[in-house]
2 protein chains.
Amino acid sequence: MYSLTSMTIEPRLDIIGAALADPSRSRILCELMDGRAFTNKELACAACISPQTASAHLKQLEGAGLTASLRSGRHVYHRIANADVAAILEGLAQLSPTDHLSRPGRPDANTSCARSCYNHIAGRLGVLMTDRLIARNVLTVRNDAIRAGPRYQTFLDEIRIEVPLGGTGKPLAMLCLDWTERRHHISGPLATAIMQKFLEAKWLERRTGSRALIVTEDGFDALERRFCLHRQDIDLADPV
Amino acid sequence: MYSLTSMTIEPRLDIIGAALADPSRSRILCELMDGRAFTNKELACAACISPQTASAHLKQLEGAGLTASLRSGRHVYHRIANADVAAILEGLAQLSPTDHLSRPGRPDANTSCARSCYNHIAGRLGVLMTDRLIARNVLTVRNDAIRAGPRYQTFLDEIRIEVPLGGTGKPLAMLCLDWTERRHHISGPLATAIMQKFLEAKWLERRTGSRALIVTEDGFDALERRFCLHRQDIDLADPV
DNA sequence: CGAACACTTCGGCAGTGACCGAATTTAGAT
DNA sequence: ATCTAAATTCGGTCACTGCCGAAGTGTTCG
């Protein structure tokens, strides 16, 4: 007995695979991995291809559900579709240079410390902050759903952020799997607002051309005061 | 200023992508996803291609680090390379049918309840068992490393399994990310031994042509006694 | 040893897709 | 209205790759 039309639907890995299978598209995705949106031309430049070719690639990526686009005037901004896609791409990136010298345990001290994933903080810092938010009752976990805890509003007031409140059904934060730390950090509106605040307050700075986030001196202060996170916990192996 | 040789190494997503980009290879990988090893011919049959073509595909998959092969006489057995690869493929499979009717919350009651991932138990049952093992001090978690807890040996004796003890450096279990539950379950030698025990004792049965694992009546008994896991916790929505 | 079998390599065919030049559409700037 | 610039569509070229038939290598069994 052998039937192709069994109850289990065969996942079409080849469809996603085909979307990833081109070097130019790979470069485009890497460029988008920090969560920012870029125009066709910028991405074409980054991938060293003509705008026409980039357009075709972006069409394909969007068709596969990996990216989303937004018109703004005569520009079209492209970004990673959602946090799930970002997390999967992170996992794939972790896996891709198998034959290189990257050891599975300690991938890259710089990016594993703190980096942006889609539009929130990932890496060691992201995981530690998530732990703290839960430990201090800002967030509570119940059946793997994240809800506001008793000290949620206090926290928002303290660091002065506002979280765009969607519909009542929309959760303000979700768990996102971190492939370098092999643990969870939060994503969603709250996580996005937190990262924006950190960038605006210059607690974090983007490293140019990379997804690595640099913690500034003010940033270490803030993390100590707001999150009880000590410098040595965050900065395991300071590369400076 | 524009340099391709920046400090950050661009992950070559296209290399993994190219390995996944073919329907036949996708089918082969899906066939291997339950952790068992199959011969060239078996996989050729499963993917509806000739043995020569399958051979070429398997060479490519192995070159990309997705599978590993083992000679045994005149047979060559192919399997998924490691638990990391299996977890990533699960994630991709979760992402692949974006335009289909699979909802992110409840993917498929059948496979989300219990299924094999690489060579250990995943899905809801895998997560619950992992929780229990930690809660009952069979395993302890310290800095994301899993170690034997006070009741570790007691547990092994109780359910009568032996875990092949590798070098002292090799951990007996690791955390593996579960994409359907969005939480951790354990992988590694201990997890493999546990699943083998469950299959041998007929507590679990493989569903033919699928990675779904069916909990038998004896299985529910054993889970109740050994793990204090109640039937209704495991079987959220019984499809029977 | 020789037959049978699993697997691999080689060669040619056919389909696919990445690429860019040229032309078109659309929106903002003068 | 006209010019400029971003994005897209079209058409044709070129390289790659999946596929199988045929032949070659290595192992098992009689």
Side-chain angles (χ1 to χ4, degrees), chain A residues 4 10 12-32 36-81, chain B residues 2 4 10 12-32 36-81 96:
Chain A
L4 269 181
E10 290 257 309
R12 291 291 302 271
L13 298 177
D14 57 305
I15 293 178
I16 300 271
L20 300 171
D22 181 80
S24 300
R25 283 196 293 274
S26 171
R27 274 183 238 121
I28 288 174
L29 285 173
C30 291
E31 198 70 16
L32 294 174
R36 283 180 292 181
F38 291 95
T39 65
N40 187 10
K41 195 182 182 182
E42 289 170 324
L43 293 171
C45 179
C48 302
I49 49 177
S50 70
Q52 311 98 295
T53 308
S55 185
H57 284 314
L58 287 164
K59 197 173 178 181
Q60 201 167 341
L61 288 172
E62 189 165 354
L66 296 178
T67 64
S69 62
L70 180 70
R71 292 201 75 95
S72 171
R74 59 179 165 180
H75 296 274
V76 179
Y77 288 95
H78 298 268
R79 59 173 175 81
I80 300 289
Chain B
Y2 192 80
L4 267 182
E10 292 257 308
R12 291 291 302 270
L13 298 177
D14 57 305
I15 293 177
I16 301 270
L20 299 171
D22 181 81
S24 300
R25 284 195 292 273
S26 171
R27 274 184 238 121
I28 288 174
L29 286 173
C30 291
E31 197 70 18
L32 294 173
R36 284 180 293 181
F38 291 95
T39 65
N40 187 8
K41 195 181 182 182
E42 288 169 325
L43 294 171
C45 178
C48 302
I49 50 177
S50 69
Q52 311 97 296
T53 308
S55 185
H57 283 314
L58 288 164
K59 196 175 178 180
Q60 201 167 342
L61 288 172
E62 188 164 353
L66 296 178
T67 63
S69 62
L70 180 69
R71 291 200 77 95
S72 171
R74 59 180 164 181
H75 297 275
V76 180
Y77 288 96
H78 298 269
R79 57 174 176 80
I80 301 288
S96 53

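In what follows, every chain begins at residue 1, and chains take the letters A, B, ... in the order their sequences are listed. Note that this is a predicted model, so its numbers are computed, not measured. Heavy-atom basis, side chains included; hydrogens, waters and symmetry copies ignored.
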[N] phosphate, OP1 or OP2, under 4.0 Å from [X] side-chain N/O:
X     : N      : value
B/T53 : D/dC20 : yes
B/H57 : D/dC19 : yes
B/S24 : D/dG18 : no
B/K59 : C/dC7  : no

Report yes or no: does [X] contribute a side-chain atom to a donor-acceptor pair with the main-chain N or O of [Y] at less than 3.5 Å?
X     : Y     : value
B/R79 : B/A81 : yes
A/R27 : A/A46 : no
A/S72 : A/H75 : no

For the [atom1] atom of [X] and the [atom2] atom of [Y], what is their distance to the nearest 0.5 Å?
X     : Y     : atom1 : atom2 : value
A/R36 : A/Y77 : CZ    : OH    : 12.5 Å
B/I49 : B/I28 : CD1   : CD1   : 4.5 Å
A/E10 : B/S96 : CD    : OG    : 10.5 Å

Whole-Å distance separating the [atom1] atom of [X] from the [atom2] atom of [N]:
X     : N      : atom1 : atom2 : value
B/L20 : D/dG18 : CG    : C1'   : 16 Å
B/H75 : C/dA4  : NE2   : P     : 17 Å
B/N40 : D/dT27 : CG    : P     : 16 Å
A/D14 : C/dG15 : CG    : P     : 19 Å
A/L58 : D/dT8  : CG    : P     : 7 Å
A/H78 : D/dA7  : NE2   : C1'   : 9 Å
B/I15 : D/dT17 : CD1   : C1'   : 16 Å
B/I49 : C/dC7  : CD1   : P     : 13 Å

With nearest nucleotide decided by heavy atoms, which residue, A/G73 or B/P51, maps closer to the 5′ end of DNA chain C?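 Counting from the 5' end, the first nearest nucleotide belongs to B/P51.
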On DNA chain C, nearest-nucleotide positions of A/S72 versus A/D22: which is more 5'?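 Of the two residues, A/D22 wins.
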Using a 4.0 Å heavy-atom cut-off across all strands, classify A/R71 as base, sugar-phosphate, or nothing.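 The residue A/R71 makes no contact with any strand.
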Reckon B/Q60 touches a base, only the sugar-phosphate, or nothing at all at heavy-atom distances under 4.0 Å? sugar-phosphate
Degree of bending, the helix from C/dC1-D/dG30 to C/dT30-D/dA1 (end axes from five pairs; round to 10°):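 That helix has its two terminal axes inclined by roughly 30°.
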Nearest-neighbour nucleotide for the [X] side chain, [options] considered:
X     : options              : value
B/K41 : C/dA18, C/dA6, D/dT8 : C/dA6
B/Q52 : D/dT9, D/dG21, C/dC7 : D/dG21
B/V76 : C/dC19, D/dA6, C/dC7 : C/dC7

Side-chain donor or acceptor of B/R74 under 3.5 Å from a matching atom on the base of C/dC5? yes
Can you sort out the partners of A/S55 under side-chain hydrogen bond (donor to acceptor under 3.5 Å, both in side chains), two or more places apart, ordered by chain and number?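 Checked A/S55 against side-chain hydrogen bond (donor to acceptor under 3.5 Å, both in side chains); zero matches.
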Answer yes or no: is there a side-chain heavy-atom contact under 4.5 Å between B/N40 and B/V76?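 No; the side chains remain at least 4.5 Å from each other.
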